[in-house]
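Taking it in order: structure first as structure tokens, then the write-up.
Remember, it's 1-based here, ligands and their atoms both numbered in the order they're listed. Starting from 1, each residue takes its place in the sequence as its number. Keep in mind that the numbers below use all heavy atoms, side chains included, and drop hydrogens, waters and symmetry copies.
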Amino acid sequence: MGRDYDVIVVGSGAAGLSAALAAADAGASVLVIEADTQVGGSSRLSGGHFYAAGTSVQRQAGVLEDTADAMFEHYMTLNQWMVEPSVVRRYCDLSAPTFEWLMGLGVNFPTSGVYPSGVGSTPRGHQPEGEGAAVIQVLDAQCAQRGVEMVFDARVDQLLTDPHGRVVGLGIAGDEASSGAVVMAAGGFGANPELLAEHYPDAAAAGNWSWYIGSPMAQGDGLKLGQSVGAAIDGQNRGLLLVTPGFSRDLEVLLPGWLILVNSEGRRFADETAPYTVLGGLIQRQPGSVFAVFDEPARAAAKRNPMSQAFWVNEVLEQKANDGTIVRAESLDALAERIEVKASALIGTVDRYNGDCERGVDSAFFKRQSSGMRAIETPPFYGVEVKPAIVCWTGTGLRIDAHTRVLGSDERPIGGLFAAGETVGSLHGDRYIGGGGSFGPCIVFGRLAGQNAASFAAGVASG
Ligand SMILES: Cc1cc2nc3c(=O)[nH]c(=O)nc-3n(C[C@H](O)[C@H](O)[C@H](O)COP(=O)(O)OP(=O)(O)OC[C@H]3O[C@@H](n4cnc5c(N)ncnc54)[C@H](O)[C@@H]3O)c2cc1C
């Protein structure tokens with residue numbers, strides 16, 4: 001029996017377009033189905049940073065020693081080995097070659113955009129010119145050149161299987177299309193509160209503070225469609241949450257250095273300017289609520305900066321203190337009472353911190369003085385609760401093997417079904433590896449899924 005396409009790709013983000021391109025390059029006829037009215041999903045809105053080791057751009061930037069082995073060791077250690085080693089290994093091994101492939105297609109990654117994007121010192125983050133939108137534009141144009149077909153405003157709601165359980169096509173509102181293989185690249189579920197509650201309780205715990213920065217189409221369809229044909233789910237409660245005082249739905253990456261964070265015991269517990277990859281997790285481990293504490297001169301001097309654009313600005317802080325969102329008190333004693341921490345603990349914490357400010361070194365957490373560290377000594381004093389609540393991406397998803405084959409609960413690949421991007425769950429651990437650690441794997445596994453789907457479809461056709 002004939003089929004409509006060799007490979008059908010669900011989703012036109014970085015993962016889906018990479019898959020479509022690679023499948024077309026392998027000789028497959030390819031259809032991309034996109035639920036939205038435009039191409040690109042969350043990828044188009046993103047920074048497009050790519051986390052990779054051993055690239056030509058790193059070498060040009062003077063990073064001569066980095067390797068896939070070093071990246072693998074760092075990745076596994078950071079996540080205490082609680083990730084799928086074979087999948088992580090594949091990402092590390094393919095990160096540089098796939099990065100070079102992307103550059104070869106026309107995406108420009110300047111040497112000035114190479115930076116240490118995670119908690120390690122090795123610069124593995126690569127920032128593209130034009131951010132995620134430029135990457136999507138290049139991939140989209142390359143797909144068009146190769147005759148990849150695309151339909152928009154079409155939300156896949158069914159996977160079709162044959163009597164052996166092999167995926168042989170899909171359905172949209174009663175219409176069907178058949179294929180030799182399907183690549184699921186439908187993104188994450190950051191925009192779906194029910195799935196956040198089910199799979200990402202740390203995000204759901206932030207209640208109505210929680211919001212997702214990406215496409216409203218990130219509804220978790222990939223998970224649901226995969227599950228409908230028996231796919232296993234990997235990586236419960238994983239993703240990335242940024243810390244916020246919840247004043248508004250503005251993206252904020254880092255806290256300013258001029259405040260301190262205290263837990264319900266009145267103690268500091270971190271360098272407040274710690275990388276965003278770890279700060280949210282540290283806050284989650286604290287007993288009770290966490291408050292940012294600062295004083296009047298810090299508030300008055302608070303200026304807009306590129307990383308904290310919306311919240312930590314003097315006028316906004318004044319307004320939030322006036323409307324009671326921020327607690328304002330004339331003494332640390334009074335502040336402690338209002339934010340419900342023990343006064344002696346808060347005063348002791350501030351004393352110790354002030355002493356460190358005077359000596360010019362944060363003896364407890366090594367916060368850099370250049371981050372704006374300053375003593376907290378002049379009333380009024382302020383306290384405002386912060387929470388890890390801004391959902392950047394979700395890490396729970398379909399279980400895959402190192403060949404991007406979706407695995408069933410029996411650990412066997414589901415014939416004809418491949419997956420890549422945020423839809424998959426086997427890559428991310430408790431800690432985000434760093435900027436580029438989601439977009440990079442989307443391209444790496446998207447390309448691989450396209451190649452493998454094309455080869456599977458060719459095998460089915462000839463066999
Ligand atoms: C503002 C922002 C900045 C970011 N910056 C970075 C960064 O710099 N580096 C990094 O590593 N990560 C970053 N991320 C995260 C990263 O961009 C995403 O994880 C990644 O782009 C997801 O790519 P994807 O292809 O898996 O999914 P998407 O790009 O979301 O694509 C999935 C597509 O599938 C479509 N779809 C969904 N359901 C269906 C269905 N049923 N039928 C048909 N189509 C469907 C969607 O409409 C969407 O177009 C950022 C995210 C955001 C939102």
Side-chain angles (χ1 to χ4, degrees), residues 8-20 31-52 91 95 113 115 117-118 124-128 131-136 139-140 150-159 170-173 177 182-192 211-226 228 239-240 242 250-253 276-277 390-395 397-398 419-425 427-428 432-447 449:
I8 300 183
V9 178
V10 184
S12 71
L17 294 182
S18 301
L31 171 69
V32 177
I33 302 182
E34 169 54 56
D36 207 344
T37 51
Q38 57 183 328
V39 72
S42 292
S43 304
R44 184 176 45 80
L45 309 173
S46 80
H49 297 206
F50 193 132
Y51 190 93
Y91 168 38
S95 71
Y115 70 110
S117 63
R124 295 198 178 107
H126 296 71
Q127 180 176 9
E131 307 200 321
V135 181
I136 290 298
L139 291 172
D140 189 27
M150 277 196 214
V151 293
F152 293 95
D153 206 5
R155 186 170 178 184
V156 174
D157 54 27
Q158 192 190 5
L159 287 178
L170 40 73
I172 305 168
V182 167
V183 176
M184 189 56 64
F189 57 91
N192 184 326
W211 63 282
Y212 171 58
I213 63 173
S215 160
M217 300 310 296
Q219 293 292 334
D221 288 2
L223 270 77
K224 290 192 217 156
L225 289 163
S228 74
L240 176 66
L242 296 179
D250 285 294
L251 178 58
E252 181 174 42
V253 182
Y276 66 86
T277 58
I390 303 175
V391 182
C392 294
W393 54 267
T394 52
L398 303 178
E422 234 183 281
T423 289
V424 306
L427 188 70
H428 299 290
Y432 185 40
I433 189 75
S438 184
F439 198 88
C442 285
I443 308 271
V444 166
F445 289 113
R447 184 181 181 216

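Among protein heavy atoms, the minimum distance from atom 1 (C) of ligand 1 is reached at Leu45 O, 3.4 Å. From the protein, the heavy atom lying nearest to atom 27 (O) of ligand 1 is Gly187 CA, 3.4 Å. For atom 20 (C) of ligand 1, the closest non-hydrogen atom of the protein is Cys442 SG, 3.7 Å. If you check which protein heavy atom lies closest to atom 4 (C) of ligand 1, you get Ser46 CB, 3.2 Å. Among protein heavy atoms, the minimum distance from atom 30 (O) of ligand 1 is reached at Ser42 N, 3.0 Å. Here the heavy atom of the protein found nearest to atom 43 (C) of ligand 1 is Ala35 N, 3.3 Å. Considering only non-hydrogen protein atoms, atom 5 (N) of ligand 1 sits nearest to Gly47 N, 3.1 Å. When hydrogens are left out, the protein atom nearest atom 34 (O) of ligand 1 is Gly11 CA, 3.2 Å; that is the closest non-hydrogen contact.
For ligand 1, the polar-atom distance check against Gly435 finds no nitrogen or oxygen pair separated by under 3.5 Å. Ligand 1 has no nitrogen or oxygen under 3.5 angstrom from a nitrogen or oxygen of Thr423. Residue Gly188 has no N or O atom closer than 3.5 Å to an N or O atom of ligand 1. Ligand 1 has a nitrogen or oxygen under 3.5 angstrom from a nitrogen or oxygen of Glu34. Polar contact check, Gly214 against ligand 1: no nitrogen or oxygen pair lies under 3.5 Å apart. Residue Ala15 has at least one nitrogen or oxygen atom sitting less than 3.5 Å from a nitrogen or oxygen atom of ligand 1, judged on distance alone. Ligand 1 has a nitrogen or oxygen under 3.5 angstrom from a nitrogen or oxygen of Ala14. Taking any N or O of Gly16, backbone or side chain, none lies under 3.5 Å from an N or O belonging to ligand 1. The shortest N or O to N or O distance between Leu225 and ligand 1 is not under 3.5 Å. Of the N or O atoms in Ser438, one or more lie within a sub-3.5 Å distance of an N or O in ligand 1.
No side-chain heavy atom of Val10 sits less than 4.5 Å from a side-chain heavy atom of Ile33. Looking at heavy atoms from C-beta onward, Leu45 lies out of side-chain contact with Ile213 at the 4.5 angstrom threshold. Side-chain contact between Met150 and Leu17 is present, with heavy atoms from C-beta onward closer than 4.5 Å. In this structure, Ser42 and Tyr212 have side chains that are in contact, with non-hydrogen atoms separated by less than 4.5 Å. At least one side-chain heavy atom of Trp211 sits less than 4.5 Å from a side-chain heavy atom of Ile390. Within the 4.5 Å cutoff, side-chain heavy atoms of Lys224 are placed close to those of Asn192. At least one side-chain heavy atom of Leu242 sits under 4.5 Å from a side-chain heavy atom of Cys392.
Within the structure, the closest approach of Ala185 to ligand 1 falls below 4.0 Å when heavy atoms are considered. Using a 4.0 Å cutoff on heavy atoms, Ser215 does not count as a contact of ligand 1. Put simply, no part of Pro441 is less than 4.0 Å from ligand 1, judged by heavy atoms. Heavy-atom distances between Gly190 and ligand 1 stay at or above 4.0 Å for every pair.
The aromatic rings of Tyr115 and His49 sit perpendicular to each other, their planes meeting at more than 60°, with 30° as the lower class boundary. Note on ring orientation: taking the six-membered ring where Trp is involved, the planes of Phe50 and His126 are perpendicular (angle over 60°, cut-offs 30° and 60°).
Residue Gly436 approaches ligand 1 through these ligand atoms, each under 4.0 Å from one of its heavy atoms: 9 (N), 10 (C), 11 (O). If you number the atoms of ligand 1 from 1 as listed, the ones under 4.0 Å from a heavy atom of Ile213 come out as 1 (C), 2 (C), 52 (C), 53 (C). Distances below 4.0 Å separate heavy atoms of Gly40 from the following atoms of ligand 1: 29 (O). Listed by atom number, the atoms of ligand 1 under 4.0 Å from Gly48 heavy atoms are 7 (C), 8 (O). Listed by number with element, the atoms of ligand 1 under 4.0 angstrom from any heavy atom of Met217 are 37 (C), 46 (C), 47 (O). Listed by number with element, the atoms of ligand 1 under 4.0 angstrom from any heavy atom of Ala154 are 42 (N), 43 (C). The Arg155 neighbourhood of ligand 1 comprises atoms 40 (C), 41 (N), 42 (N), with distances under 4.0 Å to a heavy atom of that residue. Atoms of ligand 1 lying under 4.0 Å from any heavy atom of His49, numbered from 1 in the order shown and given with element: 7 (C), 8 (O), 9 (N), 10 (C), 11 (O).
Counting heavy atoms under 4.0 Å from ligand 1, residue Tyr432 touches it through the side chain alone. Residue contacts with ligand 1, taken as heavy atom pairs separated by less than 4.0 Å, involve Asp221 solely via side-chain atoms from C-beta onward. No part of Ala218 comes within 4.0 Å of ligand 1, judged by heavy-atom distances.
In this structure a side-chain-to-backbone donor-acceptor pair under 3.5 Å is present from Tyr432 to Ser438. The backbone N or O of Phe189 lies less than 3.5 Å from a partner atom in the side chain of Thr394, making a donor-acceptor pair. The backbone N or O of Val39 lies less than 3.5 Å from no partner atom in the side chain of Ser12, so there is not a single donor-acceptor pair.
Around atom 21 (O) of ligand 1, the closest heavy atom drawn from Gly132, Ser43, Ser18 belongs to Ser43. Among His428, Gln219, Glu422, the residue whose heavy atom lies closest to atom 26 (O) of ligand 1 is Glu422.
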